[in-house]
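Below is one structure; the comments refer to it alone.
Given the structure is predicted, the values throughout are model-derived calculations rather than measurements.
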2 protein chains.
Amino acid sequence: MAKTDPPNDVPRRATLKEVAKAAGVSLASASYAINGAGSVGEATREHILKVAAQLGYRPNQSAKAMKTGRTGAIGLIVPDLTNPFFPSLAQVVIQAARAAGYSVFLTDTEGSPEAEQQAVSLMVDHGVDGVIWFPIADDGPVGRLIEGVPTVVLDRNLPGYDVIQADYADGGRLAAEHLIAAGHTNIGVISGPHAASSARQRAEGAIATVREKANLTWHVNNAFSLDLEPAVAAALETRTATAVIAGADLIAIGAMRHIRSMGLVVPDDVSVIGFDDIPWAQLHTPALTTIDMPVEDMAAAAVETLVRRITNRSEPRRRVVFNVELVARESVTGPKS
Amino acid sequence: MAKTDPPNDVPRRATLKEVAKAAGVSLASASYAINGAGSVGEATREHILKVAAQLGYRPNQSAKAMKTGRTGAIGLIVPDLTNPFFPSLAQVVIQAARAAGYSVFLTDTEGSPEAEQQAVSLMVDHGVDGVIWFPIADDGPVGRLIEGVPTVVLDRNLPGYDVIQADYADGGRLAAEHLIAAGHTNIGVISGPHAASSARQRAEGAIATVREKANLTWHVNNAFSLDLEPAVAAALETRTATAVIAGADLIAIGAMRHIRSMGLVVPDDVSVIGFDDIPWAQLHTPALTTIDMPVEDMAAAAVETLVRRITNRSEPRRRVVFNVELVARESVTGPKS
DNA sequence: CCTAGACCATGAAAGGTTTCACGTGCTGAG
DNA sequence: CTCAGCACGTGAAACCTTTCATGGTCTAGG
């Protein structure tokens, strides 16, 4: 009876040593040839490359990582994949990373700081060269863990990190102006959780402008997603506002559903404006007027910044703020006369 | 002038050797203590653990991987993150994987076989313990690359792999029955690209049933997403069908938009039924009747199967088929009398 | 009191790669 | 003709861990 011989269904990948031997050169030369570094004669290099290809050589990344300290992986940490904004972001990040030769660990923190903590730690332990982090809240214990790993922070201005943001305050302003220009004077604001600076900025931008040029009928915060907080529902039900600015498209959509369930119609009875321009926004009926930010550019900038920092840790910190713009659709009209 | 001293802004993580030295034990003992393997006295183990914690020791995964051949990472390959079906899937996979101690490399193949090829190869090179793969088409060159890496295939029945599927044919049947029960006799079918067996199954299930109990007015395939193929638009414009079965919710939504742009209303003029039950389906106006499959269960099953195969490569192949169900909403009514 | 084992602990090899420091042999300038 | 220097190659160390084989100490049974 043969004892368990090496399973031949799992063809071990060729090692560099084997390539070197097969090519009749030293390990060092093989390495140099393949990495294009060192000094190898043109003829030898080609020969080695040919042999390597023949053997189907693929470098063992773990070993490589051990020597170089580079894993070729980056992490992307987002709060909630269920919010369509994030897949859009992830898609571009993955694509850009791939172009730069990196693979992407994706993790979803489920909106919970504990999960965020755990996720990040798993990721960092795993050995990533850098992290793109879209924090749930402004800060928290996670910041410490990431210490030592190049990190670019999306959407929030965390001191000490590279930061990619959009000009939310201006977005809030734009939204308010748009409504005011349409003739609204009684405007309500629903904002996201104020633990997040982004939500604050959006709200503050809107509120400041509304206060200045119209009436801020009410302001509720801490709305999170499609399911409306009771406070939000209550505010909506006062029917005192003819227009609503929501801190996110998801919130806006939730609000519109609620409004409809009250027997009112958007935009005839109440105008609604959102934030993010998620893909559904234009698919919704009525199509949602919203504030659009250049996700693609932001994602690309994030990757680019991260790669830059990975390759040169002493880069000066960067903070890039992208402009937002209003995209007018059907969910806003003038107030009922 | 000091020559560039070791950068102290990047605190090198403690190595196991350092822990061992600090604890006054051998490297081996430290390793055993931390991994809970080998034989270490209770007292020593605790001491080592304490020292390790103090030093903030985190094992170097690359080194570990090199010895053990396990990277603790799995890959998830999906066609298109923009289709909300996939983020839902990804979310559960990531979560389940995390629970099992794995991190997830996510990659989006942009619906293109070349990108798929490149993505997979990058991933495999990177060293993943296994792959969950949602193929674009039924087969192709990628299959070869994955050879040697444990793989579970989602949605398509690829021979030789572990497979997780939903019973699409039955879904098609369900959709057709539903329409017929509502009184429709002229039914059109729009299906996805027939290169994908899933699309074929959906269509075949629907068509068989329609043929049997009503009239198949027309059938166009190769629809892909929101943007309708000209052929699809043309079919819709014949206005010969009072109900349409679409091979995916995204297709259904695209169709509804087109129908509306023709001045017709869903469901009064045309009933529409989709496939997938993506989150938008219920948010859409009118809410979309669709075939729901248990994404969470499928994702969890995929991870579980993969982990099983990783830890025991000689597991028998599995093929799990999940039941689908129809969720009735607003986009279907009886035909106009 | 002796010895077999149990129990702990350790040294050292191995795993695949990069890279430093060095050694050849040749070219071309003086 | 000599020798500096270049181009090309190589041996070996180092990266951090796991794990095998081995050795020492102590206990308990005979």
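Residue A:I48 contributes atom CD1, which lies 15 Å from atom C1' of C:dT18 at whole-angstrom precision. As a whole-Å value, the separation of A:L16 CG from C:dT18 P is 6 Å. Counting to the nearest Å, the P atom of C:dC20 and the CG atom of A:L27 are 15 Å from each other. Remark: C1' of C:dT18 and CG of A:N60 are 13 Å apart, rounded to the nearest angstrom. Following rounding to the nearest Å, B:K17 (NZ) and D:dT18 (P) show an atom-to-atom distance of 14 Å. One atom, CZ of A:R70, and another, P of C:dT17, lie 19 Å apart when rounded to the nearest Å. D:dG11 atom C1' lies 16 Å from atom NZ of A:K21, rounded to whole Å. Atom CD1 of A:I34 is separated from atom C1' of C:dG16 by 12 Å (rounded to the nearest Å).
Phosphate contact (OP1/OP2 of D:dC8, side-chain N/O of A:S39, threshold under 4.0 Å): absent. Distances shown here put every side-chain N or O of B:S31 at or beyond 4.0 Å from the OP1 or OP2 atom of D:dT17. For A:K64 and C:dT18, the shortest distance from a side-chain N or O to OP1 or OP2 is below 4.0 Å. Dashed line: the shortest gap from a side-chain N or O of A:N35 to OP1 or OP2 of C:dT18 is under 4.0 Å.
Within the 4.5 Å cutoff, no side-chain heavy atoms of B:R156 are placed close to those of B:W133. When side chains are defined from C-beta on, B:F105 does not count as touching B:L76, because their heavy atoms never get closer than 4.5 Å.
Of the candidates C:dG11, D:dT17, C:dG15, C:dG15 carries the atom nearest the A:M66 side chain, counting heavy atoms from C-beta on. Which of C:dT19, D:dC16, C:dG16 sits closest to the side chain of B:T15 comes down to D:dC16. Closest contact between the side chain of B:V25 and the listed nucleotides C:dG16, C:dT10, C:dA9 involves C:dT10. For A:A63, whose side chain is taken as the heavy atoms from C-beta onward, the closest listed nucleotide among C:dT19, D:dT19, C:dT17 is C:dT17. Looking at the side chain of A:T44, the nearest of the listed nucleotides C:dT18, D:dG9, C:dA9 is D:dG9. Closest to the side chain of A:K67, from the set D:dT18, C:dT18, D:dG9, is C:dT18. The side chain of B:S29 has C:dT10 as its nearest neighbour among C:dT18, C:dT10, C:dT19.
A donor N or O paired with an acceptor N or O is not found under 3.5 Å between the base of C:dC7 and the side-chain atoms of B:Y32.
The residues A:R309 and A:E315 are annotated as not salt-bridged, no charged nitrogen and carboxylate oxygen being separated by less than 4.0 angstrom.
Side-chain atoms of B:Q91 and A:T82 form a donor-acceptor pair, as typed in the model, at a separation below 3.5 Å.
The backbone N or O of B:R317 sits nowhere less than 3.5 Å from a side-chain atom of B:D162 that would complete a donor-acceptor pair.
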